[in-house]
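These numbers come from the heavy atoms of this one structure, side chains and all, not from hydrogens, waters or symmetry mates.
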2 protein chains.
Amino acid sequence: MYTYQEMLSVLNSGGYRLTDQRLSLLRVLETFGGSFSALDFEKKASEMEPSIGRATLFRAIDLFLERGILEKIHRQSGDDVYIVGSKGHHHHIICRVCGEIRDIDACPFERELEEVIRKEGFSSTIHRIEIEGICESCQIRGTEGNYGPIA
Amino acid sequence: MYTYQEMLSVLNSGGYRLTDQRLSLLRVLETFGGSFSALDFEKKASEMEPSIGRATLFRAIDLFLERGILEKIHRQSGDDVYIVGSKGHHHHIICRVCGEIRDIDACPFERELEEVIRKEGFSSTIHRIEIEGICESCQIRGTEGNYGPIA
DNA sequence: ATTTTTGCAAACCTTTTGCATGGAA
DNA sequence: TTCCATGCAAAAGGTTTGCAAAAAT
């Protein structure tokens, strides 16, 4: 997960203007531990900096996604959530109870992916892999009974 | 990809009422070769059966998803599209030029997934894997220059 | 006869847009 | 001083809802 300084230098080196609003939004991002929705972000942002308009926030989200400061994750539920980005190619494992999202570094699927792609004759490929389940702490808390099996 | 008869029997065995609208919608699904948006579906449905209301269509989509008659695919672009379902656990490889979606049967990632899940201590997991690239025909057509690299 | 399903239209909710103002470089 | 970024408020866009009528079992 990028630090404030790293996020800042991504913006800076991209030639983007360092406005108060953008810097405030980076500060807001620092405070998120796990995943959050656009609305979570908006809410927290307007608590910390009430003057930030909705349009600015959504434009910042687009920019942050483009620059990798944010990553968007598509949940099984259909909701999109965001997390603060991190370096390099990686995937995520998500707890559907507490919402924790961990990075899986060093994609363990490269070999099999290459095989599939070769077989299908595709080029210029990207892949998305998301794993969703119940993390250890939530298993211990015994909450898994509240969640049915998922197709 | 399920045939009309298979889709019908899924509905039937689920105890759902076989209304004209639902049967018409299955007929519409038969006509799709590849992926389509909810709006594509609505458009085609109201051509083939003008009396079908929007709410009915969206309610049917939910039902079809639940029963596996449809599968929802989240594109890199952020759009959700649908395809007619097929049996068993599988993944998809999507051409970002022509939109073709092929099933990858027999998940080639089981071993590595198990390893990751064990290492992270997760239980009750599901996974989604989507591969997006350019299919052979579209490579030959030379259209890949129109599409920039994707993060 | 009972219960599900439908159609309509309005409501909803998140995201986007146009445009004049303000601020960074 | 130039162009990028912002805020506002309105519009957009896709999806969902409430309800009375219609249809399936």
Please give, in whole Å, the distance from [N] [atom2] to [X] [atom1]?
X      : N       : atom1 : atom2 : result
D40(B) : dT15(D) : CG    : P     : 11 Å
N12(B) : dA24(D) : CG    : P     : 14 Å
L57(B) : dG14(D) : CG    : C1'   : 12 Å
L63(A) : dT6(D)  : CG    : P     : 9 Å
I52(B) : dT15(D) : CD1   : P     : 17 Å
K72(A) : dT14(C) : NZ    : C1'   : 12 Å
E49(A) : dA5(D)  : CD    : C1'   : 15 Å
L11(A) : dA5(D)  : CG    : P     : 10 Å

With a distance cut-off below 6.0 Å to the six-membered ring centre and an angular limit of 45° from the axis, does R22(A) pair with Y16(A) as a cation-pi contact?
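No, R22(A) and Y16(A) do not form such a contact.
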Flag this pair as yes if the NZ/CZ of K44(A) is under 6.0 angstrom from the six-membered ring centre of F32(A) and inside a 45 degree cone about the axis; otherwise no.
yes
Looking at G121(B) and Q139(A), what are the two nearest heavy atoms and their distance?
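Reported closest heavy-atom pair: O-NE2, 2.8 Å.
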Using heavy atoms to find the nearest nucleotide of DNA chain D for E42(B) and Y16(B) separately, return the residue whose nucleotide is more 5′.
E42(B)
Test ring pair (Phe, Tyr, Trp, His ring centres under 6.0 Å) on H127(A) and H91(B) and set out the steps.
CA-CA 11 Å; H127(A) 61 272; H91(B) 299 294; over 10 Å; no
In terms of the nearest nucleotide of DNA chain C, which residue is placed more toward the 5' end: L39(A) or A60(B)?
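By nearest-heavy-atom nucleotide position, the 5'-most residue is A60(B).
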What's the closest nucleotide to the side chain of [X] if the choices are [options]?
X      : options                   : answer
D20(B) : dA5(D), dA24(D), dT16(C)  : dA24(D)
A38(A) : dT15(C), dT15(D), dC8(C)  : dT15(C)
R22(A) : dC8(C), dT16(D), dT6(D)   : dT6(D)
T56(A) : dG7(D), dT15(C), dT16(D)  : dG7(D)
D62(B) : dT17(D), dT16(D), dT14(C) : dT16(D)
R17(B) : dT4(C), dA5(D), dG7(D)    : dT4(C)
S51(B) : dT15(C), dT6(D), dG7(C)   : dG7(C)

Report yes or no: is there a donor-acceptor pair, N or O only, under 3.5 Å between the side chain of R59(A) and the base of dG7(D)?
yes
Can you tell me if D40(A) and S37(A) form a side-chain donor-acceptor pair at under 3.5 Å?
yes
I want to check one thing: is the phosphate of dG7(C), taken as OP1 and OP2, less than 4.0 Å away from some side-chain N or O of Q21(B)?
yes
Is T19(B) near enough to dT4(C) that one of its side-chain N or O atoms lies under 4.0 angstrom from OP1 or OP2?
no
